[in-house]
Amino acid sequence: MTAGAHRILLDPFLDEQPTAPVKAADVEADFILVSHGHFDHVADVASIANRTDATVVSNFEISQWFSTQHGVKNVVGMNLGGGVELPFGRVKLTLAHHSSTLPDGSNGGSPGGFLLELGDRRVYFACDTALFLDMKLIGNAGLDLAVLPIGDLYTMGVDDSIEAVRLLNPKRVLPAHYNTWPPIEQDAAGWAQRVRAHTSAEPVVLEPGKSTDI
Ligand SMILES: [Zn+2]
């Protein structure tokens, strides 16, 4: 994301990601948000942070792991329900129902999602999670965009993502965490049709490397 002059990454996974249009060495960042400890979310964080001096924002356990194990200089450690004012806006760490063990077996704390306030816009990244009823509370804030996993198997799938849209009631919704590998293949166009038919949100499907304004 870019917000004003600030460049913000979320769970960068590029070098070993078959659909990524860029490599970790190609991206610039001021902040890197990390939702949980799994390999496909933390793999490129340290290399990007150490090259760019970006600040890693995550739960306390993961921020400490990057600081003590990987020499990351700037970290912000949070916990669920807490928020922090950063130069680009407010970041709140929200619930997620998932797991979070780090690649070396270290305790990755509780998995989370992120609610971002960027100027007058509010964006919710559910990150890796099951459907949960408390999404209704997150939606109460009024969301310009929600980013939801649809891949199934490791996270909620298409059916539950439609229910999540109903609970969150965002203006627009963008699918994530699908088509990286065959086990999480999904038909994003079919998903978008269902969003249009069964919710009041506008679906936004992006090909890798493409962008949208909010
Ligand atoms: Zn995960």
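Whatever order the structure lists ligands and atoms in, that order sets their numbers, starting from 1.
Contacts of A201 classified as side chain to side chain contact (heavy atoms under 4.5 Å, CB included), with partners at least two apart in sequence or in another chain: V165, P170, V173, V195, T199. Every residue two or more places apart in sequence or in another chain was checked for a side-chain hydrogen bond (donor to acceptor under 3.5 Å, both in side chains) with Q64, and none qualifies. Under the salt bridge (Lys or Arg N to Asp or Glu O under 4.0 Å) criterion, D40 pairs with no residue at all, not counting sequence neighbours.
In terms of heavy atoms, W191 sits closest to P203 at CZ3-CB, 3.8 Å.
Without hydrogens or angle criteria, D144 side chain to V123 main chain gives no donor-acceptor distance under 3.5 Å.
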Report task. For H41 and H177, run side chain to side chain contact (heavy atoms under 4.5 Å, CB included): C-alpha distance rounded to whole Å, both residues' side-chain angles, the deciding distance at 0.1 Å, then the answer. Result -> CA-CA 11 Å; H41 297 254; H177 214 278; 3.5 Å; yes
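Listed by chain and number, the protein atoms of type N/O/S under 2.8 Å from the Zn ion (ligand 1) are H36 NE2, H38 ND1, H98 NE2, D128 OD2; waters are omitted.
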